[in-house]
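One-based numbering, in listed order, for ligands and for the atoms of each.
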Amino acid sequence: MGTRRRLRCTTSDDLDAATTPTPGDVAQSLMFSPDDGRIWLDDQRMMLLHAGAFGALRRELAETLGAEAARALFGRVGYSSGVRDAELVRKRWPDADLANTFVAGPRLHALEGIVKVTPVRFNFDDNGSFYGEFVWHDSIEAEEHIAVHGIGTEPCCSMQVGYASGYASAFLGRLIAFREVECRAKGDDCCRCVGRPAGEWADKDDIRCFGVEHEPRRQAVESVSNADLDNSKKGGREAAATRPMVGLSASFLAARAMLERVASTKATVLFVGESGVGKELFADALHKQSGRAGGPFVAVNCAAIPDTLVEAELFGVERGAYTGATASRPGRFERASGGTLFLDEIASLSLIAQGKFLRVLQEGTVERVGGTRSIAVDVRVVAATNVDLREEVKAGRFREDLFFRLNVCPIVLPPLRERRSDIPLLMEHFLAHYSAMHGRAVTRFSRPAVEALLNYDYPGNIRELQNLVERGVIFAPESGVVDAVHMFRGEVAAGSSFSIGRNGALEGGASPHQAIKSESSKTKPVREIVDAGLSLNALERDLYAEALARTKGNVSAAARLLGLTRAQLDYRLRRGSETTKPGRATR
Ligand SMILES: [Zn+2]
């Protein structure tokens with residue numbers, strides 16, 4: 001990235017107060033989303049951890065692993081944070097002057113509550129030279145260390161050293177190693193760190209402790225999606241290429257771990273999940289990780305085949321079985337022999353087809369429609385459903401014996417709203433994918449776009465996120481930035497968000513879509529409403545009534561229509577009915 005910039009040599013003297021991101025600018029990256037229990041620093045999920053709990057963690061790790069290993073571990077943790085913050089800064093201020101954006105890192109470190117940083121001096125140039133010296137005041141690590149161990153002989157701020165190293169390395173694109181030369185934990189007045197290119201330090205111990213290769217985060221992501229990338233390279237289908245199994249969230253990794261456990265067995269697998277969560281993708285991955293990977297993978301959407309044809313499709317047909325059966329042909333079972341047969345929307349099979357299907361599972365043979373001989377098939381069946389099969393059984397629409405046969409290894413695939421921390425990864429993936437596919441040089445999302453995507457409800461799951469990003473890439477200006485208005489057309493982002501104000505307090509509760517809507521509705525209807533002398537309360541009541549009428553009284557759907565959560569709309573409706581009672585104040 002050095003070559004892209006016009007700077008030759010950059011020093012702390014070049015700092016220009018007018019263009020340096022202020023603590024306030026940096027603080028705007030922070031967003032609290034208490035409705036869904038998340039804190040975002042730009043597109044990274046964060047958490048608040050009690051300093052005392054962090055102190056206890058440090059002590060326990062030092063006792064369990066030994067002081068050296070614990071120090072190295074915190075160095076790596078800090079390094080990984082520093083790399084993420086450097087990515088954030090590069091994304092937030094892509095065109096700003098290098099020296100001025102560099103100090104955003106120390107400011108983020110302060111915002112995150114770790115340490116107050118004062119640059120003493122730093123300079124770097126395009127050839128990769130670097131020298132940096134910073135003073136740390138009131139370091140959280142020193143404070144917790146001294147509380148537990150008192151003053152000793154060694155510096156203790158290894159997580160901060162890791163952070164500085166990760167930040168500078170990712171910022172400059174070469175390995176920069178920091179060291180703490182003074183530390184409050186060894187009796188100095190404050191902590192002081194010095195950073196140089198890794199090769200310029202005499203011994204390499206501190207560098208090894210980061211376990212550093214470049215871009216550790218990217219590697220982690222790739223290791224998760226490698227299998228899928230390989231799949232798509234092998235000439236896999238479109239689905240595998242555009243919707244890879246990308247994710248690091250707990251619920252996603254749990255589903256993936258189950259898939260890996262059952263893949264090598266012969267078990268029948270049932271995927272359960274809403275539309276758009278990627279059931280076929282999982283089935284495909286299961287096939288490719290199984291011993292049948294060399295055989296065919298045949299996918300059938302049972303809901304897409306007319307009732308009258310479903311048996312012929314699945315089991316095959318003999319010539320003359322019925323008018324129009326002019327030739328014998330094998331069904332999907334026979335074609336999947338030696339491989340995997342994936343039956344999506346299994347609940348839509350007729351009861352007759354279910355009976356025949358069960359017999360194939362039990363006997364391992366199929367009989368073609370109009371045929372008399374049994375044909376042996378060696379097929380692993382993988383099924384999927386987006387409805388509750390137990391309910392279907394209760395209602396008499398699904399055979400109980402078939403249900404038990406299929407439900408040996410159910411794997412529940414989480415909806416996107418339950419794996420929200422994967423949204424940034426998926427956004428990045430689809431942005432790169434569709435920019436390449438449509439030949440667009442779109443590089444990033446605007447801040448309102450990021451907020452809208454992170455807060456949206458995704459009733460259509462990953463497929464919907466994918467569509468939004470593709471639309472954004474298409475409608476964004478050439479070599480420009482994807483904005484919320486390029487993606488959201490009729491969809492309404494839900495949920496509230498808070499950002500941090502200049503005085504450090506939370507502000508807002510305004511959701512991104514409200515900003516989008518207010519832009520577009522500042523037009524004629526608003527003027528007409530004002531002219532008509534309607535009060536805000538009356539207008540609000542009418543709005544809720546209209547939304548409820550349109551959704552036939554479905555409060556959740558009405559809330560979605562208005563860009564509120566169900567709880568928010570409930571609250572407002574309740575408040576509305578209370579204010580009409582005599583003698584009650586209207587807040
Ligand atoms: Zn220190």
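Note: Phe488 and Tyr456 meet the aromatic proximity criterion, with ring centroids under 6.0 Å apart. A distance below 6.0 Å separates the ring centres of Phe54 and Phe74.
Here the straight-line distance linking atom NE2 of His137 with atom CZ of Arg192 works out to 9.0 Å at 0.5 Å rounding.
Listed by chain and residue number, Arg58, Ala142, His145, Cys183, Ala185 satisfy the side-chain contact (heavy atoms from CB on, under 4.5 Å) test with Cys156 (two or more places apart in sequence, or in another chain). For Glu144, there are no salt bridge (Lys or Arg N to Asp or Glu O under 4.0 Å) partners two or more places apart in sequence or in a different chain. Remark: His438 pairs with Glu470 by the side chain to side chain donor-acceptor pair (under 3.5 Å) rule, at least two apart or across chains.
Under 2.8 Å from the Zn ion (ligand 1), one finds the following protein N/O/S atoms: Cys157 SG, Glu180 OE2, Cys183 SG, Cys191 SG.
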